[in-house]
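One structure is given below, encoded as structure tokens.
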Protein chains: 2
Amino acid sequence: MKVDGARLREDVEANAEFGALDGEGNGRTVLTGTEPNRAAREQLVDRFEDAGLDVRVDAVGNVAGRWTPPSADPDAAPVAAGSHLDSVPAGGIFDGPLGVYAALEAVRAMQDADLAPDRPVEVVSFTEEEGQRFADGLLGSSVAVGERSVADALALEDDEGTALASALESIGFRGEGRLDASEWDAWLELHVEQSERLERAGVPVGVVTTITGITHCDVTVRGKANHAGATPMDERRDALVAASEFVTAVERAANEVDSETAVGTVGSLDVRPNATNVVPGRVEMGVDVRDVDYDAMNEIVDRAADALARLEDERGVETHLEREFDLRPTAMSERVREAATAAAESAGIETLALHSGAAHDTMHVANVTDAGLLFAPSEDGISHNPAEWTDWDDCATATRVLAGALADLAGA
Amino acid sequence: MKVDGARLREDVEANAEFGALDGEGNGRTVLTGTEPNRAAREQLVDRFEDAGLDVRVDAVGNVAGRWTPPSADPDAAPVAAGSHLDSVPAGGIFDGPLGVYAALEAVRAMQDADLAPDRPVEVVSFTEEEGQRFADGLLGSSVAVGERSVADALALEDDEGTALASALESIGFRGEGRLDASEWDAWLELHVEQSERLERAGVPVGVVTTITGITHCDVTVRGKANHAGATPMDERRDALVAASEFVTAVERAANEVDSETAVGTVGSLDVRPNATNVVPGRVEMGVDVRDVDYDAMNEIVDRAADALARLEDERGVETHLEREFDLRPTAMSERVREAATAAAESAGIETLALHSGAAHDTMHVANVTDAGLLFAPSEDGISHNPAEWTDWDDCATATRVLAGALADLAGA
């Protein structure tokens, strides 16, 4: 089966125009419900229709295109594949779109090769994987697996109080019903690795064994805002100095915990009132903790909480930690991994088994059906950044493995 | 001479309405060239006119009201007093306005007492003392003492690229000429203390000996933005962890330097891209260093720079420190201090000699004429905060000292 790398590249490059940043490499900002998001979604629907797929948009904006060849039982559980089209602010052009368009390209390759699968094949783009506007991430897939209700999702609000429902409405992508991932026979996502393991090993495709668990904590430190000149050092309750000790404590906990794969990050930090001549009165932070070992994640969160307790004692600040998002590590399906490995072998493509340090919609899907995840190499491991890059040849190679695995799973 | 505390309170309370925050104590936000700033300025001009003062607005928006009684030589160098009407974001209602309206009340008290000073008395409100929109602070007084040209000041731009000239124009307060502080025979400012020394001593008025020196540094830390899940701990160049070590280093330097009055603050800190799931790539900070001992200030800045050099070595980040604002400590005039102390003594009011840890326009004025600074107590030392408070009785008491000193300096 032959994948058309040029066609895939055209799709991804055209998608990269939506929300493109001026002068910052290949950067783009595509948040849910914005104009660039509308444009990206509309292009996808066009491409689905060009390939003869039946398009469906569900109530939370998940977009699916289904190919039901004459060979397939239209009532058979489909094999599904895809990823997401949204990005972080100033993110890259491959993170998400590659997986969506590679899945579409896999279907087109099966069509071009006149394959006759037993099952329909569905290409999916989930809403708000990155969680930059309405939720913490994996929003669309959380609804598709029934973890979050449609109503709860639609009621989510951004910082300005706009609900997901009206944001989707405004871009014409508030559909009906609910895409139900439990109805899929199997699921496979292709994504960029976002680390350097494939690049260092010189291997073009990764087959993921386990997806990291992920915890997000909201942390608040309250001190006392006061005049930076008139407040003696020993009378301060400086929220930023306390928060700074917390930031280094999170790093130390991730370094010291007994797991080489564990990571801990304070990614966001906002100071109030944030003026040079005012002692900071309040700091809010967003903490990200991940590992394939859930005990190690808990240990890092515990140490972070301990650090806050110590800061309350030592610095007279008030602190609050809320573990508001928590996903345990997720093992990938043996059957789907074997399909991917076999497809790669038969195409003479080398693969590497590795874990995913990033969260993916596949974490959710794995709870309701057999799911797998493939990686394409990321140059220098960079992602969530305009410098994110994957060679077009690597994109095509990984798509060949994806197409082969999907064909196998679909009984072609 | 009798000061009318109720009249003073009415003025300050009316001024507090401009830019008032909903539901946050007595907070207000009055930035230069905004609608609240226009309203505050217009009220001041009205009150000046009510008191029969000749009003003048100079090219950078400094507002002066001059009382030239029949007893005074209109060509004699006036005695001047005042402060500022702008605030920090969510600042208090006394910081600035008390000094402006106390000076006006002092003139009204002299008028009511039929005093016959030899010199005119000028009440002044300087533009942008707080430095929140166009400059680092003390903007209007920097022009009034000739340290900054009118043209340079008018060309200053805010973050949105709006020039001071057009901001003043838009509120009708771009006047003509330049208020020249060197033409004043003496200057006296009343301000809230912003510390707890008066409150603790149970003394209602402070007579300042020296105003702290003040340095502002802009600090940038550049690391590498990357995926918070897919980037192993040992491959990170996290700008926020490095910046956090810098924040604690500044605190340590201020604590350890050989001066009990020295303070060092990282008041502002901005993270990019500031998303929970992205390793921070860049942090910008605003650092404030102050002391009455200039050597101690330099020592703190040197240690801050050393900390950055160490972070470059240890964490692979790039750093930049620019000392973009620097004022040395300023001694107050013996003659003006004595006038204040004598006025207090003759009214049976106790005073405390102390230094000012906050910068004030008086720092500039002291470079061109005899200048003094009085403090009224700040409850719990809080300022730059909606909880800032000075009892109305204390306001009136300090204004009595101000009025007595001005009358003495004006030869009444």
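Letters go in sequence order (proteins before strands), and every chain restarts at 1.
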Do you know which of [options] has the most heavy-atom pairs with chain B at a distance under 4.5 angstrom?
options: A:E235, A:E130, A:H216, A:K224; answer: A:E235
options: A:D218, A:V247, A:V289; answer: A:V247
options: A:I214, A:N226, A:D95; answer: A:N226
options: A:A254, A:A262, A:A228, A:A243; answer: A:A228
options: A:G281, A:P273, A:G264; answer: A:G264
options: A:R272, A:R200, A:E193; answer: A:R200

Worksheet item: Can you list every pair that meets salt bridge (charged side-chain N to carboxylate O under 4.0 Å, His left out) and has a residue in residues 237-254 of chain B, with sequence neighbours left out?
Response: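 Every salt bridge (charged side-chain N to carboxylate O under 4.0 Å, His left out) pair that includes a residue of residues 237-254 of chain B, provided the two are not neighbours, is A:R315-B:E251, B:E245-B:R310, B:E245-B:R315.
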By a 4.5 Å heavy-atom criterion (distance strictly below it), what part of [X] contacts chain A: side chain, backbone, both, or neither?
X: B:N277; value: both
X: B:R236; value: side chain
X: B:A242; value: neither

Chain B contact via [X] - which portion, at a heavy-atom distance below 4.5 Å:
X: A:E388; answer: neither
X: A:E260; answer: neither
X: A:H227; answer: both

Worksheet item: Under the salt bridge (Lys or Arg N to Asp or Glu O under 4.0 Å) test, which residues partner B:E299, sequence neighbours left out?
Response: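 Once residues adjacent in sequence are excluded, the partners of B:E299 under the salt bridge (Lys or Arg N to Asp or Glu O under 4.0 Å) criterion are B:R303.
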Item to complete: Could you tell me whether B:D258 atom CG has more than 12 heavy atoms of other residues or ligands within 6.0 Å of it?
Response: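 Result for CG/B:D258: open.
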So does [Y] get a backbone contact from the side chain of [X], meaning a donor-acceptor N/O pair under 3.5 Å?
X: B:S195; Y: A:A230; value: yes
X: A:E128; Y: A:R133; value: yes
X: B:T29; Y: B:A90; value: yes
X: A:S356; Y: A:I211; value: no

Worksheet item: Looking at B:V271, B:L240, B:V279, which one has more heavy-atom pairs under 4.5 Å with chain A than the rest?
Response: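 Result: the option with the highest number of such pairs is B:L240.
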Worksheet item: Taking every heavy-atom pair that is under 4.5 Å apart, which of B:V266, B:T212, B:V287 has the most such pairs with chain A?
Response: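 Option with the top pair count is B:V266.
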Discussion item. If we count only N and O atoms by modelled type, under 3.5 Å, do the side chains of A:S268 and B:N274 hold a donor and an acceptor together?
Written reply: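 Judged by distance alone, the side chains do not pair up.
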Worksheet entry | Qualifying residue, where the test is side-chain hydrogen bond (donor to acceptor under 3.5 Å, both in side chains) with B:D291 and the options are B:T210, B:T261, B:T215 |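 When B:T210, B:T261, B:T215 are each tested with B:D291, the side-chain hydrogen bond (donor to acceptor under 3.5 Å, both in side chains) holds only for B:T261.
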